[in-house]
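Below you'll find the structure, written out as structure tokens, and then a few comments.
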Amino acid sequence: MSGIFILLVGPSGSGKDTLLKYALSQFPDLVYPPSYTTRKIRTGESQGNPYNFISREEFEQMAGNDEFLEWAEYAGNLYGTAKKGIYDPIKNGDVVIKQVEVQGARQLLGVMPKENLYTIFISAGPWKELEERIRGRGSITEEAIQKRKARFEDEMTFMEKADAVVENRNGKLEEAKQQLKEVISEVKETRV
């Protein structure tokens, strides 16, 4: 394989989706294969954008057929990255980019050749800042907040395994976008 797989990894609420959209707008040659999910489609989404929406039964069948590079359950829904969507473009020498939860990234580190993988950790700063973002998204129970906090603490341990870190602190989105653009430019120049 001659291409590279760039992973945007970070805690829930760190801005992975926003930064991914920015990266795709700045680098139109990046390949973005949609993940598969069992969650319900939301307003503004469509089949294949940003996910392939399938039933739990279909997802479980794909998982049973070993069609996923990684998959995880989050908030009662299944999410997975299909092998075909990653391996085919990499074999063609393309740069593939995806946002994944830390749980999925840990799986990918075990199955992707290191020479074809580059991880960018998106840090939203300390828990206090991320908690403000999560609460700002809408109503959430205190129990859910505490679960997110425990998950956040675990997810932050992945930062040391990343090839690069982009800081996306509250009010600093433009700086985070610039950092991400610089990192992706460097990866494209040196690794492909």
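A quick note: this is a predicted structure, and the numbers were derived from the prediction, not measured.
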- Message: salt bridge (Lys or Arg N to Asp or Glu O under 4.0 Å) for K40 and E45? Distances and angles first, verdict last.
- Response: CA-CA 10 Å; K40 299 291 183 224; E45 296 177 335; over 6 Å; no

Is the shortest side-chain heavy-atom distance between [X] and [Y] below 4.5 Å?
X	Y	result
K172	E175	yes
L7	Q99	no
K181	Y22	yes
I86	K98	yes
V95	D29	no
L130	P11	yes
K161	F121	no
S2	I90	no

Minimum heavy-atom distance between [X] and [Y], given as atom pair plus value:
X	Y	result
S46	I41	CA-CD1, 3.7 Å
A124	E129	O-OE1, 3.5 Å
G125	F152	O-CZ, 3.5 Å
F27	S185	CZ-OG, 3.4 Å
P89	V31	CG-CG1, 3.9 Å
T141	A144	OG1-N, 3.0 Å

- Query: Can a salt bridge be assigned to the pair E73 and R56 using a cut-off of 4.0 Å between side-chain N and carboxylate O?
  - Reply: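 Yes, charged N to carboxylate O under 4.0 Å.
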
Between [X] (side chain) and [Y] (backbone), is there a donor-acceptor pair under 3.5 Å?
X	Y	result
N168	S14	yes
N116	G3	yes
E101	A72	no
T81	S35	no
K16	V100	no

Which distance, rounded to the nearest 0.5 Å, do you find between the [atom1] of [X] and the [atom2] of [Y]?
X	Y	atom1	atom2	answer
T37	N52	OG1	CG	10.0 Å
R106	F158	CZ	CZ	7.0 Å
Q103	L108	CD	CG	11.5 Å
F5	L69	CZ	CG	6.5 Å
T190	Y118	OG1	OH	7.5 Å
Y32	K21	OH	NZ	9.5 Å

Cluster link [X] to [Y], ILVMFWY, side chain under 4.5 Å:
X	Y	answer
F68	L109	no
V111	V102	yes
Y87	W71	no

- Query: Going through the checks in order, is the salt bridge (Lys or Arg N to Asp or Glu O under 4.0 Å) test met by K149 and D154?
  - Reply: CA-CA 9 Å; K149 182 179 182 185; D154 173 59; over 6 Å; no

- Message: So if I apply the side-chain contact (heavy atoms from CB on, under 4.5 Å) rule between I120 and each of L180, V9, D163, which one comes out positive?
- Response: L180

- Query: In this structure, which one of V187, L24, I4 forms a side-chain contact (heavy atoms from CB on, under 4.5 Å) with I97?
  - Reply: L24

- Query: Between E70 and K83, does a salt bridge (Lys or Arg N to Asp or Glu O under 4.0 Å) hold up when you go through it step by step?
  - Reply: CA-CA 8 Å; E70 62 82 25; K83 289 179 180 179; over 6 Å; no

- Item | E182/K177 under salt bridge (Lys or Arg N to Asp or Glu O under 4.0 Å): CA gap, chis, key distance, verdict | CA-CA 9 Å; E182 290 169 8; K177 287 178 176 179; over 6 Å; no

- Task: Would you check, one step at a time, whether the test side-chain hydrogen bond (donor to acceptor under 3.5 Å, both in side chains) holds for E58 with S55?
- Result: CA-CA 5 Å; E58 289 171 300; S55 69; 3.2 Å; yes

- So, for F53 and Y36, is the gap between ring centers shorter than 6.0 Å?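 No.
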
- Y79 ring center within less than 6.0 Å of Y51 ring center: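 Yes, the ring of Y51 comes within the 6.0 Å limit of the ring of Y79, centre to centre.
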
- Message: Are more than 12 heavy atoms, taken from residues, nucleotides or ligands other than E143, located less than 6.0 Å from that residue's CD atom?
- Response: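 Not more than 12 within 6.0 Å, no.
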
